[in-house]
Amino acid sequence: MLNKTGDSPEEFGRRIGLSGMTIRRWLRKPENGRIPRVYLPAIRETCLALVAEGRLDPALPEVQSLLFSVASSAGYMAALRNLGLGESFTQGRPVSRDQILSGLLQIGSQLPKQTDVEVRSSEVSAFKKLGEEWSSRITTLWNIVRSRKRDLPDKFIAYGALFYLLTPVDFIPDNIPFFGLIDDFAILGLAASYYTRKSAEIPGRR
């Protein structure tokens, strides 16, 4: 975390309630040295906070190894922040199809998320290799994103679904009641079917 964020041992120590001297001592340990388990919850919480602040990449193997065993409530809130969703998506509450689409719309309305999808288009396309239905759903959403006949707000759900496909936020298993329990394939299908139905309601709309 120190290497990736540029924080000093003192700054990191303040986050987890230890002195900079203690952190420096840990840094001098050999690779197989173990940090006392009593400090791991505070380190996990700091890791989640840094991810939420956008200062730590959640795709890093070291980050994922810490977050696999994170407490569900903390993981839930960090996941919401990472996706850019509001806290109105209460943990454990039954969620409808419309609420899922609303969440995708919120994600896709964020310019950084849209840019990430565009910049990483080859990564999105790589998922097509998983099967014909994967390819069909991704192609449908790409066509929406690239369409010149649709206004930007009409593309938000497509952007949201494609960003969710890219984000490693779902490495926190089942912590988000709708995004955690519905996998990437289902999210793509839900978004694609939304546009298919919408196009059927407006003849000639592509």
Side-chain angles (χ1 to χ4, degrees), residues 51-60 63-64 75-91 95-202 204-206:
V51 167
E53 292 167 12
R55 300 183 57 217
L56 196 61
D57 183 357
L60 291 171
V63 175
Q64 293 198 25
Y76 171 78
M77 297 310 301
L80 286 185
R81 289 193 296 267
N82 186 50
L83 286 170
L85 293 174
E87 295 182 10
S88 57
F89 292 88
T90 306
Q91 187 176 15
V95 178
S96 68
R97 170 186 169 276
D98 287 343
Q99 286 173 302
I100 296 172
L101 291 172
S102 175
L104 292 175
L105 189 148
Q106 285 189 42
I107 296 169
S109 67
Q110 302 166 60
L111 182 58
K113 305 291 194 283
Q114 297 168 21
T115 301
D116 204 28
V117 168
E118 298 287 356
V119 169
R120 300 169 65 188
S121 60
S122 60
E123 292 180 50
V124 173
S125 296
F127 284 94
K128 293 182 179 181
K129 299 176 183 178
L130 295 176
E132 184 177 343
E133 191 59 34
W134 279 85
S135 180
S136 174
R137 296 178 182 193
I138 291 170
T139 298
T140 296
L141 296 177
W142 265 129
N143 288 342
I144 296 297
V145 165
R146 299 286 166 80
S147 174
R148 295 183 178 180
K149 297 181 179 180
R150 292 180 181 270
D151 295 330
L152 180 58
D154 197 26
K155 302 177 181 182
F156 287 165
I157 288 176
Y159 270 118
L162 293 174
F163 179 82
Y164 181 78
L165 180 64
L166 290 172
T167 184
V169 74
D170 53 4
F171 68 79
I172 306 175
D174 298 337
N175 280 343
I176 306 182
F178 47 98
F179 289 118
L181 298 176
I182 301 177
D183 61 15
D184 296 327
F185 184 69
I187 289 290
L188 293 173
L190 183 64
S193 65
Y194 165 81
Y195 288 106
T196 299
R197 284 194 299 273
K198 192 168 185 178
S199 295
E201 294 169 1
I202 307 177
R205 187 73 176 271
R206 302 290 294 177

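Because only heavy atoms are used, hydrogens play no part in the values below, and waters and symmetry mates are left out as well, while side chains stay in. When a residue number appears, it is its place in the shown sequence, counting from 1.
Considering every non-hydrogen atom in both Ala161 and Leu141, the closest pair reads CB-CD1, 3.8 Å. The shortest heavy-atom contact between Asp154 and Tyr195 is O-OH, 2.9 Å. In this structure, Val145 and Ala158 approach most closely via the heavy-atom pair CG2-CB, 3.9 Å.
No side-chain heavy atom of Leu105 sits under 4.5 Å from any side-chain heavy atom of Leu101. Looking at heavy atoms from C-beta onward, Leu165 lies in side-chain contact with Ile138 at the 4.5 angstrom threshold. Put simply, the side chain of Leu111 reaches to within 4.5 Å of the side chain of Thr115, judged on heavy atoms.
A donor-acceptor pair under 3.5 Å is formed between the side chain of Ser109 and the backbone N or O of Gln106. Without hydrogens or angle criteria, Lys155 side chain to Ser147 main chain gives a donor-acceptor distance under 3.5 Å. For the pair Ser102 (side chain) and Asp98 (backbone), a donor-acceptor distance under 3.5 Å is absent.
Pairs of residues two or more places apart, or lying in two chains, never qualify as ring pair (Phe, Tyr, Trp, His ring centres under 6.0 Å) while including a residue from residues 97-120. Residue pairs meeting the ring pair (Phe, Tyr, Trp, His ring centres under 6.0 Å) criterion with at least one member in residues 117-158, sequence neighbours excluded: Trp134-Phe185. Each salt bridge (charged side-chain N to carboxylate O under 4.0 Å, His left out) pair with one or both residues in residues 121-132, not counting sequence neighbours, appears once here: Arg120-Glu123.
Judged as a side-chain contact (heavy atoms from CB on, under 4.5 Å), and not counting sequence neighbours, the contacts of Pro112 are Gln110. For Glu118, the side chain to side chain donor-acceptor pair (under 3.5 Å) partners two or more places apart in sequence, or in a different chain, are Arg146, Tyr159.
Between the OG atom in Ser135 and the CG atom in Leu188 there is a gap of 11.0 Å [rounded to 0.5 Å]. Taken from CD1 in Ile187 to CG in Leu162, the straight-line distance is 11.5 Å, to the nearest 0.5 Å.
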